[in-house]
Amino acid sequence: MQEGFDGQVRSMIAYVYPQQKSECFVLLADIGDFQQYVQLQWERERMETIGHMAAGTANIILNPLAVIKGTLQLLEKSLKDHVSYLEFAASPLHQKMAGYFKLLDDQIQTIDNSLQRFLLFGKPSELKFVPVSVISFMQEWIPGIQIQALDKKVRLALEYPEQNGFVLGHPKLLISGAAKNH
C-alpha cells in the first residue's frame, strides 16, 4: 500500500529485476483496478452460485407444493360432490370448510410467489430492471390491500402522489412482493 500525491491509498506491487553489478530495476505498478476486477468477478460468481442454489431449492419445494395444491382442490371438489349441496351450502360447517380451503389456497399461493422470486435469481439473464410507474403499481396493488383492510376492520387512508414517478425494478418481483404482503 502506498499513499499517492493526492492523499489516496493505492495498492501497489513491486517488480524487482536484477541487473549487472549489484544494480536492480524496480517497477512499481498500481494494482487497484486489478483487485477491483477480481473482487467483482468473485462477487459475480458468488451471486451466481447463490442463484443456482436458490433455484434448485425452489424447484425441490415447488413439486410437492403442486401436489398439495392439487390434492386440496380434489378434496374440496370431492367434498362438494358427495354431500347434498342444499344441505351443506347453508350449514355453518360449509362456511368453516370454505374458509379453511381459502386459507390453505392463499398460503400455498404465498409460498409459490416467494419460490417464483427465488427462481428468478437462478436466471440472472431474466433479472432485468425496468422503469415501473409508481401510480400504476399502486393502482394494481392497493385494491387487494383495501379488501384485506375491510375484512379486518382496519381504516386505510391512501394518497396517491400528485406526480407520477418511476422506480427501477423487476415487475414480477414487485408484484409478487406486494402480493405477499396482502
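Residues: numbered from 1 along the sequence shown. Every heavy atom of this structure was used, including side-chain atoms; hydrogens, water molecules and symmetry mates were not.
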Subject >> Q73 side, atom CD; I108 side, atom CD1 - distance, nearest 0.5 Å >> reply: 8.0 Å

Original post:
Quick one: do L65 and L75 end up in the same hydrophobic cluster if we chain Ile, Leu, Val, Met, Phe, Trp and Tyr together by side-chain heavy atoms under 4.5 Å apart?
Top reply: yes

Original post:
Hey, quick one: are I111 and Y100 part of the same hydrophobic cluster, counting side-chain heavy atoms closer than 4.5 Å, chains of contacts allowed?
Top reply: yes

**OP:** Starting at CG of D105, measure out to OG1 of T110 and round the result to the nearest 0.5 Å.
**Re:** 9.5 Å

Subject >> Nearest-0.5 Å distance, CG of residue L62 to CD of residue Q116 >> reply: 5.5 Å

Original post:
More than 12 non-hydrogen atoms from neighbouring residues, nucleotides or ligands closer than 6.0 Å to CD on Q36, yes or no?
Top reply: no

Original post:
Partners of T57 by side-chain contact (heavy atoms from CB on, under 4.5 Å), sequence neighbours excluded?
Top reply: I61

Without placing hydrogens or testing angles, list every side-chain donor-acceptor pair under 3.5 Å for residues 150-158, not counting sequence neighbours.
none

Original post:
Mind checking whether L115 and I60 sit in one hydrophobic cluster, side chains of I, L, V, M, F, W, Y counted as touching below 4.5 Å?
Top reply: no

Subject >> Atom OH of Y37: over 12 foreign heavy atoms under 6.0 Å >> reply: no

Subject >> side chain to side chain contact (heavy atoms under 4.5 Å, CB included) evaluation trace for R46 with E43 >> reply: CA-CA 5 Å; R46 186 171 137 309; E43 192 65 30; 3.1 Å; yes

Original post:
Should F166 and N164 count as side-chain neighbours, where that means a heavy-atom distance under 4.5 Å?
Top reply: yes

**OP:** Walk me through it: do Q39 and Q35 pass the test side chain to side chain contact (heavy atoms under 4.5 Å, CB included)?
**Re:** CA-CA 6 Å; Q39 181 67 28; Q35 285 180 321; over 6 Å; no

**OP:** Report whether V167 and F137 are members of the same hydrophobic cluster (ILVMFWY, side-chain heavy atoms less than 4.5 Å apart, transitive linking).
**Re:** yes

Subject >> Short side-chain donor-acceptor distance under 3.5 Å, N113 and Q109 >> reply: yes

**OP:** Inspect the surroundings of CD in Q19 and state if more than 12 heavy atoms from other residues, nucleotides or ligands are less than 6.0 Å away.
**Re:** yes

Original post:
For L72 and F101, which heavy atoms make the closest approach, and how far apart are they?
Top reply: CD1-CD2, 3.3 Å

Subject >> Pairwise distance CD(Q107) to NZ(K102) - rounded to 0.5 angstrom >> reply: 10.0 Å

Original post:
Do any N or O atoms from the side chain of S136 and from the backbone of V132 form a donor-acceptor pair under 3.5 angstrom?
Top reply: no

Original post:
In terms of hydrophobic clusters joined by side-chain contacts under 4.5 Å, are M138 and V130 together?
Top reply: yes

**OP:** Check whether any side-chain heavy atom of D112 sits under 4.5 Å from a side-chain heavy atom of S114, and report yes or no.
**Re:** no

